[in-house]
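First comes the structure, then the notes that go with it.
It should be emphasised that the depicted structure is a prediction, and the values quoted were computed from it without experimental measurement.
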Amino acid sequence: ATELARIGFTDVRGVLRGMNSWVAAGHSAASYTTASHADLVSELKAGGRPQVLDVRDPLEWASGNIDGSVHRYLPNLRDGLPENLDTAQPVWVVCQSGNRASISAGILEELGVNPIVVSNGGVTEVLKGVAN
């Protein structure tokens, strides 16, 4: 709950521990495509124009971001997607470490997006990789 409060989620109603038990009890679980920051760097360097959604807080975004990326702070995703995201195409989701990107996957799925979660590393590593 503390970690979630630090990124803007203050109404935590429970925590699930033990996915195997959850699924064994007949509950559903979703999975998402994950990628490394190096995978995103490769895509960007290859001349691709992937859709990139940056879910970091506004101050982090202002300190530097991936060229062409779209910003929506993770807690604000519940309010809807940025208008310029094409839900028919995959969306690479980044933050600073992969934690917020991972949390955003379920919200994005509810909003009709196929997320590719950059789960290790984040914007800083991507920017360094693109610059090299």
Original post:
Does atom NZ of Lys45 have more than 12 heavy-atom neighbours, drawn from other residues, nucleotides or ligands, at distances under 6.0 Å?
Top reply: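 Atom NZ in Lys45 is crowded, with more than 12 foreign heavy atoms closer than 6.0 Å.
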
Subject >> Heavy atoms of other groups near Asp86 CG, more than 12 under 6.0 Å >> reply: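 It does: Asp86 CG has more than 12 such atoms within range.
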
Could you tell me the separation between the [atom1] atom of [X] and the [atom2] atom of [Y], rounded to the nearest 0.5 Å?
| X | Y | atom1 | atom2 | value |
| --- | --- | --- | --- | --- |
| Arg56 | Ser63 | CZ | OG | 5.5 Å |
| Asn65 | Asp54 | CG | CG | 6.5 Å |
| Asp39 | Thr33 | CG | OG1 | 11.0 Å |

**OP:** Consider only side-chain N and O atoms of Asn99 and Ser102, and report whether a donor and an acceptor are under 3.5 Å apart.
**Re:**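 No, no side-chain donor-acceptor contact under 3.5 Å.
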
Subject >> Test item: Asn132 side-chain N/O and Gly129 main-chain N/O as donor-acceptor pair under 3.5 Å >> reply: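 Such a contact is absent between Asn132 side chain and Gly129 backbone.
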
**OP:** Please write out which residues are connected to Leu44 in a hydrophobic cluster, directly or through intermediates, given that two of Ile, Leu, Val, Met, Phe, Trp, Tyr count as joined at side-chain heavy-atom separations below 4.5 angstrom.
**Re:**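 Grouped by the 4.5 Å side-chain rule, Leu40, Val41, Val52, Ile66, Trp92, Val94, Ile116, Val118, Val123, Val126, Leu127, Val130 form the rest of the cluster around Leu44.
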
Subject >> Transitive ILVMFWY cluster of Leu59, excluding itself - 4.5 Å side-chain cut-off >> reply: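 Reading the cluster by chain and number, Leu59 sits alone, since nothing else belongs.
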
Subject >> Side chain proximity check, Leu77 to Leu53, heavy atoms < 4.5 angstrom >> reply: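 Side-chain contact under 4.5 Å: yes.
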
**OP:** Could you pull out all residues at least two apart from His71 that satisfy ring pair (Phe, Tyr, Trp, His ring centres under 6.0 Å)?
**Re:**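 Partners of His71 by the ring pair (Phe, Tyr, Trp, His ring centres under 6.0 Å) criterion, ordered by chain and then number, come out as Trp61.
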
Subject >> Non-neighbouring partners of Glu60 that pass side chain to side chain donor-acceptor pair (under 3.5 Å), sequence neighbours left out >> reply: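 Residues passing side chain to side chain donor-acceptor pair (under 3.5 Å) with Glu60: Arg100.
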
**OP:** Provide the full list of side chain to side chain donor-acceptor pair (under 3.5 Å) pairs with a residue in residues 107-127, sequence neighbours left out, each pair given once.
**Re:**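 Output for this query lists Tyr32-Glu109, Arg78-Glu110, Gln96-Thr124.
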
Subject >> Hydrophobic cluster identity match, Ile107 and Val93, side-chain contacts under 4.5 Å >> reply: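 Result: yes, single cluster for both.
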
What donor-acceptor contacts under 3.5 angstrom involve side-chain atoms of residues 18-28, with partners at least two apart or in another chain?
from: Trp22; atom 1: NE1; to: Ser28; atom 2: O; distance (Å): 2.8

